[in-house]
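Because the structure is predicted, anything quoted here is derived from the model rather than measured. Just so you know, residue 1 is the first one in the sequence shown, and it goes up from there. Hydrogens, waters and symmetry mates are skipped; everything else that's a heavy atom, side chains included, is used.
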Amino acid sequence: MNAKANNIKDVDKAQELCKKLYLAAKKNETRRFHALYDKVYRTDILNNAWKQVKANAGVAGVDNESIWDIITIGEALVLREIQQTLKDGRYRPKKVKRVHIPKADGRRRPLGIATVRDRIVQTATKQVIEPIFEADFLDCSYGFRPNRSAHDALEVIRKKMNIGFRVVLDADIKGFFDNIDHEKLMELLQQRISDRRILKLIRKWLKCGVLEGGVAKETNVGAPQGAVISPLLGNICLHEFDKFWKQQKIVSGELVRYADDLVILFRTMEDAEQGLQLVKTKLKELGLELNEAKSEIVDTRWGKQGFNFLGFHHRRVKSKKYGKFYTQRWPGDKTMKNIRSSIRDLLANRAILNWSIEEVIQVLNPIIRGWMNYFKYGNSSKKFSTIDSYVHERLALWWSKKHQKSGRRWITGFTYKKYKACGVQILSGNVTYGS
């Protein structure tokens, strides 16, 4: 059997296991699963995990072993080594390399980079335990879940606002991943998993520590942002919040959560204010805290206020044709600033002045296209037109500098005709539904 057929067989076997675990968990909501650890080091599970890690690329961890290094050593050999260490109980995760990446507001966000081998084991473990918790997760949760997306969450918001839920609690959880309580999380895991070896494995990842600037630090709270297993652990933690909100009868509010980003939509300001207090109380029980500086109640009823969620700005807009207000969404200010920065950083780089226009477009188009493919699902026509003009302007400046001219010269030099003909991705005309 060739390698391609083996890969397909491994994927099929892994999916079959996931389906069985999901159905078993769905059938009995109190069942605790005890024989899971040996599934993690099954050959098909590890092969499937490696395939995912390799596809996601990423850099090396503290051991400086890259994905290419593993390919060079021999993928099958490395997977057998991982399998044996798991079988023998000798597996010990290495510390997570912590780096800081810039945020749009000028601050820096910590990112944890596990070793490639640890990422393989985390991915394998996630494959095994995720179906069990998926059986419990509620419909209001959309982030990092199979067959669910940000656009699904955004559509629910639009529809709910259009039927009357127009007072919105835009809630931000303060440093969520940095503040996950390990003991509370382990208690939640034990509600569904009784296999002590799986629980021990997860605790090792939580406690393995970080290496930052050459200094080793312990981790007694939180889950590393960037770790393969962290989004699932985050959803397990916040599932308790989802359950609480769905079960409470004090106020009527529609919860939409994407990982640690959430909004709750209400019909009245009174409900929203009462809902805010309920949110604070429940988060406190989970060892978490609402970031009050970034959380607010927004009254969208007459289009005077809007809110940002998952990169989009949401606002009620009055239809000129029908005279009624409808909910619309388009790329938010921060999002617009980010895409401009990405375009500017590329085209203002003097190192590319000796490139041909074809080479520039080859690098520029994936940046524009990736942004477009996310934001085209909304009322984004005007924003897309704005970015098209900005791309033309920056390309014109690049063209002038390349030919040792001054100014944009986009009327006499890099004209609109030349801009449209150069092969650059045009955003206008690519909105899925308009305003």
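- Looking at K94 and D118, no side-chain N of the basic residue comes within less than 4.0 Å of a carboxylate O on the acidic one, giving no salt bridge.
- Side-chain contact check for I357 versus L395: some heavy-atom pair is nearer than 4.5 Å.
- For Y377, the OH atom sits in a loose shell: 12 or fewer heavy atoms of surrounding residues, nucleotides or ligands are nearer than 6.0 Å.
- Under the 3.5 Å distance criterion, with hydrogens and angles disregarded, no donor-acceptor pair is assigned to the side chains of N56 and R119.
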side-chain contact (heavy atoms from CB on, under 4.5 Å), that's the test. Do Y37 and T125 meet it? Break it down for me. CA-CA 8 Å; Y37 185 79; T125 305; over 6 Å; no
Applying salt bridge (Lys or Arg N to Asp or Glu O under 4.0 Å), run through E75 and K51 and close with a yes or a no. CA-CA 10 Å; E75 300 167 54; K51 185 179 178 182; over 6 Å; no
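- A salt bridge links E155 and R329; the closest N-O separation between the charged side-chain nitrogens and carboxylate oxygens is under 4.0 Å.
- Partners of H182 by ring pair (Phe, Tyr, Trp, His ring centres under 6.0 Å), not counting sequence neighbours: none found.
- Between Y326 and Y322, the two ring planes are perpendicular [angle over 60°; tilted spans 30° to 60°].
- In summary, K280 and E289 do not engage in a salt bridge, as defined by a charged side-chain N under 4.0 Å from a carboxylate O.
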Go through R257 and D242 one step at a time and tell me if the salt bridge (Lys or Arg N to Asp or Glu O under 4.0 Å) criterion holds. CA-CA 8 Å; R257 182 175 67 79; D242 298 345; 2.7 Å; yes
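- Less than 6.0 angstrom separates the ring centroid of Y374 from the ring centroid of F312.
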Evaluate the criterion salt bridge (Lys or Arg N to Asp or Glu O under 4.0 Å) for residue pair R90 and E81; output intermediate values, then yes/no. CA-CA 11 Å; R90 294 183 289 108; E81 288 175 359; over 6 Å; no
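- For the pair D139 and R148, the salt-bridge criterion is met [side-chain N within less than 4.0 Å of a carboxylate O].
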Could you go through the side-chain contact (heavy atoms from CB on, under 4.5 Å) check for V167 and R267 one step at a time? CA-CA 6 Å; V167 181; R267 290 186 181 275; over 6 Å; no
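- In summary, E16 and K13 do not engage in a salt bridge, as defined by a charged side-chain N under 4.0 Å from a carboxylate O.
- Aromatic ring centres of F165 and F266: separated by at least 6.0 Å.
- Surrounding NZ of K207 are more than 12 heavy atoms belonging to other residues, nucleotides or ligands, all under 6.0 Å away.
- Shortest non-hydrogen contact noted between L347 and I352 is CA-CD1, 3.9 Å.
- Classified by interplanar angle (parallel below 30°, tilted 30° to 60°, perpendicular above 60°), the ring pair F241/W245 is parallel.
- Remark: L232 CG to H239 NE2 distance equals 12.0 Å, nearest 0.5 Å.
- A salt bridge links E285 to K282: one of the charged nitrogens lies within less than 4.0 Å of a carboxylate oxygen.
- Ring planes of H314 and F307: parallel class, angle under 30° (limits at 30 and 60°).
- Classification of E134 and K26 as a salt-bridged pair fails, no side-chain N sitting under 4.0 Å from a carboxylate O.
- Cation-pi geometry between R145 and Y142 is not met at under 6.0 angstrom from the ring centre and within 45 degrees of the axis.
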